[in-house]
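Just below is one structure, and these are the notes that go with it.
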There are 2 protein chains.
Amino acid sequence: MDKTTASTRTRSGRKRSYRGVTKKSKSAPNKKERQSTKTRNLILDAAEGLFARHGLYGVTVRDLADSAAVDTALVHYYFGTKTEVFHAVFKRRSGTINEARMQSMSRYEEEAAGDLTVEGAIRAFLEPIFDNDRQNDRGWRNYSALVAMANNSQEWGGEMMSQYFDKVIHRLIDLLRKAIPGANDQDLYWAYQMFSGSLMVIQANTGRIELLSKRKCRSDDVDAFGERLIAYTSAGFKAICEPHESA
Amino acid sequence: MDKTTASTRTRSGRKRSYRGVTKKSKSAPNKKERQSTKTRNLILDAAEGLFARHGLYGVTVRDLADSAAVDTALVHYYFGTKTEVFHAVFKRRSGTINEARMQSMSRYEEEAAGDLTVEGAIRAFLEPIFDNDRQNDRGWRNYSALVAMANNSQEWGGEMMSQYFDKVIHRLIDLLRKAIPGANDQDLYWAYQMFSGSLMVIQANTGRIELLSKRKCRSDDVDAFGERLIAYTSAGFKAICEPHESA
DNA sequence: GTCTATAACTGGATAGAC
DNA sequence: GTCTATCCAGTTATAGAC
């Protein structure tokens, strides 16, 4: 019943080794290395889409292989187990997007020069995400839907999300602490929790809002949700984090 | 690759019939009928917990049977397929909770007598949920975590959530339309979408906020998140739904 | 690096006895 | 209503040829 260990064990119980990105060679990649990277990415692209839609257990190694148009043996050759493909999907993009968000927040902090606002901080945190959304890239869309699904799952919503995202979140909370003098930690953390839920349900792209609004709103309409999310969230943060007047 | 049809088909392709709650007999239930209901509920309780943690595909019929301490054949006897157990889990509680919310909102509308507020409407919508949370009931906790997971999944977040919850949501939006004169539909729907994300991530109970806050906040602390969710959400709604002054 | 073949096993589902 | 036994398709994973 313990899915994690069950799925990372080989049938025989032995540990296997497998091809990563074929060493960190600084020299120009030869033909084989280029092919490796290409195949690896084909698999990751396919996995991103399938896992986002059906979750880890709803996808088989054959599904992955078929969707990537490669042989099942290659999936094992490059990644080992199915669970390792799942983790590799998270790893591939999270570094990039987190770096962009760290930079965006640092840039904002410099520009604001001591005069930080809640809106400004939230905007700096979100802007790199919206940039990606605007590209309308299938891969990015799938990745963010996958993160959204994982976030609300008991299996991955705790430790795994913390592992990948706590650093950027603590950076945001630091900015907000400066923007709202006297804010206390519990209020800040709960407000962030509610904010993250809003962001995630939007990124999940389930088509729900189309149904609820009878097509008046569209899930992937960044121009519609971007400014609204910033305004809604900023008002929420202020409402519960700004110290109330009391003796 | 189409999980839904694949899982609702029998191996042979034939349709089977199976025991529901053994007819809607109005007469007092005899021993067998009581046993039926009991076994059915044992299976549903087990399913609620397992599906919440691992999703439909992460749980096997054998897992369900073992956890409920019944035979696998009984799972099929009562529900047909695994997917039908999944749906039955949703069905069992959604009627009850939705009814409580409809009543709560109607009661509020009467009491407010034309003087509706955003806080009041949000509170009336949420109070029955918080009541359940306060009971600290395992079954309810599992059910709401399951709903939260389904909500952010591409497979069930659209149609299935609409099917079970759109009615109460439209009732809430009607109240809010009255509380905020001049609010337009797009703003209301987007605000609701963000609100639902906040609520769902809390109900998902993933232990995330414990990790993020280094145990300063606790996932299941209704007293901590209840009033904060109401305040945060009300401020958000007002920020984006109240008409802006313009010529 | 890639493909074929296959071992080893899991999982959904049902027939039929009790 | 419940349990035993079983069918067999589908699944992960690997050995070994190319």
Whole angstrom value for the distance that separates C1' of C/dT10 from NZ of B/K82:
12 Å

Rounded to the Å, how far apart are B/E84 CD and C/dT14 P?
10 Å

Determine whether the aromatic ring centres of B/W190 and B/F195 lie less than 6.0 Å apart.
no

Provide, to the nearest angstrom, the distance between the OH atom belonging to A/Y57 and the C1' atom belonging to C/dG12.
19 Å

Would you state whether a donor and an acceptor, one from the side chain of B/R62 and one from the base of C/dG12, lie under 3.5 Å apart?
yes

The reported gap from CG in B/D71 to OH in B/Y77 (rounded to nearest 0.5 angstrom) is 13.5 Å

List in chain and number order the residues that pass side-chain contact (heavy atoms from CB on, under 4.5 Å) with B/A191, two or more places apart in sequence or in another chain; answer none if no residue qualifies.
A/Y232, B/F237, B/I240, B/C241

Nearest whole angstrom, please: distance from the P of D/dT11 to the NE2 of A/H54.
12 Å

List, with names and distances, any nitrogen or oxygen atoms from the protein found under 3.5 Å away from nitrogen or oxygen atoms belonging to nucleotides 2-5 of chain C.
residue: C/dT2; atom: OP1; partner: A/Q35; partner atom: NE2; Å: 3.1
residue: C/dT2; atom: OP1; partner: A/T39; partner atom: OG1; Å: 3.3
residue: C/dT2; atom: OP2; partner: A/Y78; partner atom: OH; Å: 2.9

Taking the ring of A/W156 and the ring of A/Y164, is the distance between their centroids below 6.0 Å?
no

For A/K167, side-chain contact (heavy atoms from CB on, under 4.5 Å) partners two or more places apart:
A/M102

Taking OP1 and OP2 of D/dT14, is either one under 4.0 Å from a side-chain nitrogen or oxygen of A/H76?
no

B/N136 versus B/R141, side-chain donor and acceptor atoms under 3.5 Å:
yes

